[in-house]
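Let me begin by presenting the structure, written as structure tokens, before commenting on it.
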Amino acid sequence: MGYNQAYNAYKSANVRTASQGHLVVLLYEEAVRQLSSASGLFDSDGDIKAVSIEKFNKCLQKTEAIITELQVSLNMDKGGEIAKNLMSLYVYFNNELLSANINHDKKKVDFVLDMMSQLTDSWRQAASSTANAPAAAVTNVLNIEG
């Protein structure tokens with residue numbers, strides 16, 4: 001088995017066996033990775049070379065899809081104010097990314113990247129602190145039956 005096959009098998013097993021909180025962290029981490037990649041495509045003048053536009057678009061579209069997945073995982077009935085605030089943030093982030101994609105706006109990409117990085121850290125802490133908690137305590141915000 002080659003390195004890439006082994007790594008892909010590891011990643012697949014990691015997702016299949018992850019806790020609910022860890023899955024959210026994995027989504028955030030991938031969004032941060034995609035946004036970092038998109039941000040890195042800008043040159044020192046704040047422009048994107050024509051050959052990089054397609055990659056930029058793909059990175060932002062993947063991030064938007066991840067954010068949409070985070071949106072649909074919210075349990076608005078049980079999540080209370082936290083779920084409402086996260087929903088507002090996710091809608092805002094996707095709007096900013098759509099605008100950034102159309103206008104090739106590095107500031108918007110970097111803003112969402114910074115916010116998603118901060119949220120990733122918060123979710124990491126939450127996932128590790130609830131790792132041994134009953135499933136019902138973890139699923140209040142997520143749309144997952146406990």
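Without hydrogens or angle criteria, D43 side chain to D47 main chain gives a donor-acceptor distance under 3.5 Å. No donor-acceptor distance shorter than 3.5 angstrom exists from the side chain of S52 to the backbone of I48, with no hydrogens or angles considered. In terms of modelled atom types and a separation under 3.5 Å, the side chain of D105 and the main chain of K107 share a donor-acceptor contact. No side-chain donor-acceptor contact under 3.5 Å links S99 to the backbone of E96. Between the side chain of S73 and the main chain of L70, a donor-acceptor pair closer than 3.5 Å is present.
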side-chain contact (heavy atoms from CB on, under 4.5 Å) between W123 and L27: does it pass, once the steps are laid out?
CA-CA 10 Å; W123 274 104; L27 287 170; over 6 Å; no

Please assess Y92 against L97 for the test side-chain contact (heavy atoms from CB on, under 4.5 Å), listing each intermediate value before the final yes or no.
CA-CA 9 Å; Y92 179 71; L97 292 176; over 6 Å; no

Please step through side-chain contact (heavy atoms from CB on, under 4.5 Å) for the pair S128 and H22, ending with a clear verdict.
CA-CA 8 Å; S128 66; H22 186 64; over 6 Å; no

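Expressed to the nearest 0.5 Å, how far CG of L113 lies from OG of S39 amounts to 6.0 Å. One finds the CD atom of E69 at 14.5 Å from the CD atom of E64 (value rounded to the nearest 0.5 Å). Residue Q34 holds its CD atom at 13.0 Å from CD of E29, rounded to the nearest 0.5 Å. Rounded to the nearest 0.5 angstrom, I66 CD1 and K62 NZ are separated by 8.5 Å. Note that CE of M116 is 11.0 Å distant from OG of S36, once rounded to the nearest 0.5 Å. In this structure, the separation between CD on E81 and CG on L86 is 10.5 Å, given to the nearest 0.5 Å.
Minimum interatomic distance between A100 and V109 (heavy atoms only, all atoms of both residues): CB-CG2, 3.8 Å. In terms of heavy-atom proximity, A83 sits nearest to N75 at CB-O, 3.8 Å. The two residues C59 and A38 have their closest heavy-atom pair at CB-CB, 3.8 Å. The minimum heavy-atom distance between H104 and F42, with the atom names listed, is O-CE2, 3.3 Å. Scanning all heavy atoms of the two residues, the minimum distance from L35 to L60 falls at CD2-CD2, 3.9 Å. What you find for M87 and L74 is that their closest heavy atoms are N-CD1, 3.6 Å.
No side-chain heavy atom of L98 sits less than 4.5 Å from a side-chain heavy atom of N94. Under the 4.5 Å side-chain criterion, counting only non-hydrogen atoms from C-beta, I67 is not in contact with L89. Between E54 and N57 the shortest side-chain heavy-atom distance does not fall below 4.5 Å.
With no hydrogens or angles considered, a side-chain donor-acceptor pair links D114 and Q118 at under 3.5 Å.
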